[in-house]
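Presented below is the structure to which this report refers.
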Amino acid sequence: MSPDARLPQPTVCLTGLGLLLALVPTGLGMEVMAPATINALNGTSVKLSCTFNSCYKVENKQFSLNWTYQECKNCSEELFLQFRMKIMNKQLDRFGNRVEFTGNPTKYDVSFTLNNVQLEDEGTYNCYVLNPPDRQRGHASISLKVLTEGRCGAVPGPWHLGQAPPALTRCPLSPEPPKRDSTVAVIVGASVGGFLAVVILVLMVVKCVRRKKQQRLNTDDQKTEEEGKTDGEGNADEGTK
């Protein structure tokens, strides 16, 4: 085979180079992170967290942020919070002044807090972030679920005319788990641990005693062998004489 036949053909080299360039990403895209679902109790405040990763430092002159609200899947998005050089609250009639920006873009945090949550606030909240020189705008969405305190129904009637039904009692959102007494578990754990420690100590002592006995036996055997050798040499000398 000639040396030229072993060299790769130009077509093969160009094809491999093209595949390699195709696999290399053209740029590092932004990653925006937010919880998929957040539950909030009616009448309380809730923080809608949104953070992002970027390879570039945040510059207020170039950085942009949009928070939009979407009531349903096919509904149009409503812009209510924006960052252009500074934070701008659009104060939609839906939210009024209940939206408070609590993030810090320089720390890659663009979260906001919604105060006095109402049932009508349920929906999808979209977080859009762009931090040039990143070319692609990052996006994450949060589904907000508003919970209410349930009411336990009163004992059914019939009611007499003019008689007021008994007051309804509030039910907690979720029953509290029964408290567990950990004293027994602690005592059992301590007992087992102490027993294991004693067993390990006993095994170590037994092992040491056996090792000492073995050493003594080895020493006695060596002495016996030496005495035997000495006696043999003495008998040989007497025979020679």
Problem - side-chain contact (heavy atoms from CB on, under 4.5 Å) assessment of Asn53 paired with Tyr108 - result: CA-CA 7 Å; Asn53 291 331; Tyr108 307 100; 5.6 Å; no

Handout entry: CA sep, side-chain torsions, deciding dist, call: Leu41, Val117, side-chain contact (heavy atoms from CB on, under 4.5 Å)
Key = CA-CA 7 Å; Leu41 184 62; Val117 176; over 6 Å; no

Handout entry: Derivation of the side chain to side chain donor-acceptor pair (under 3.5 Å) call for Gln136 and Asp134
Key = CA-CA 6 Å; Gln136 296 182 353; Asp134 281 329; over 6 Å; no

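Arg98 contributes no side-chain N or O that, together with a main-chain N or O of Leu114, makes up a donor-acceptor pair within less than 3.5 Å. Remark: the backbone N or O of Thr102 is not paired with any side-chain donor or acceptor of Thr113 at under 3.5 angstrom.
Between Leu144 and Tyr125 there is a side-chain heavy-atom pair separated by less than 4.5 Å. Taking the side chain as every heavy atom from C-beta outward, Ser111 and Asn104 never approach each other to under 4.5 Å. Between Leu92 and Glu78 the shortest side-chain heavy-atom distance falls below 4.5 Å. Contact check for Glu122 versus Val146: side-chain heavy atoms found under the 4.5 Å cut-off. Side-chain contact check for His139 versus Ser141: some heavy-atom pair is nearer than 4.5 Å. The side-chain heavy atoms of Val46 and Ile38, taken from C-beta on, include a pair separated by under 4.5 Å. Side-chain contact between Ile142 and Pro35 is present, with heavy atoms from C-beta onward closer than 4.5 Å.
Distance check: Cys127 SG to Leu48 CG gives 9.5 Å after rounding to the nearest 0.5 Å. The line from CZ of Phe95 to CD of Glu100 is 14.5 Å long, rounded to the nearest 0.5 Å. How far CD of Gln70 is from OG of Ser76: 8.0 Å, rounded to the nearest 0.5 Å.
Scanning for side-chain contact (heavy atoms from CB on, under 4.5 Å) contacts around Glu71 gives Tyr69, Cys75, Arg94, with sequence neighbours left out. For Leu130, the side-chain contact (heavy atoms from CB on, under 4.5 Å) partners at least two apart in sequence or on another chain are Ser64, Pro132, Arg137.
When only modelled atom types and interatomic distance are considered, Thr68 and Glu77 share a side-chain donor-acceptor pair under 3.5 Å. Side-chain contact annotation: Thr51 with Asp109, donor-acceptor N/O pair under 3.5 Å absent. Using a 3.5 Å distance cut-off with no hydrogens or angles, the side chains of Asn131 and Ser54 do pair a donor with an acceptor.
Here Phe63 and Tyr56 keep their ring centres 6.0 angstrom or further from each other. Remark: aromatic rings of Trp67 and Phe112 are close, center separation under 6.0 Å.
When all heavy atoms are compared, the tightest approach of Val32 to Cys50 is CG1-SG, 3.5 Å. The minimum heavy-atom distance between Asn126 and Thr124, with the atom names listed, is OD1-CG2, 3.9 Å. Closest non-hydrogen pair, Asn116 versus Gly43, comes out as OD1-CA, 3.6 Å.
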Donor-acceptor list for residues 79-91 side chains, cut-off 3.5 Å, not counting sequence neighbours:
from  : atom 1 : to    : atom 2 : distance (Å)
Gln82 : OE1    : Lys90 : NZ     : 3.2
Gln82 : NE2    : Asn66 : OD1    : 3.4
Asn89 : OD1    : Gln91 : N      : 3.0
Asn89 : ND2    : Val99 : O      : 3.1

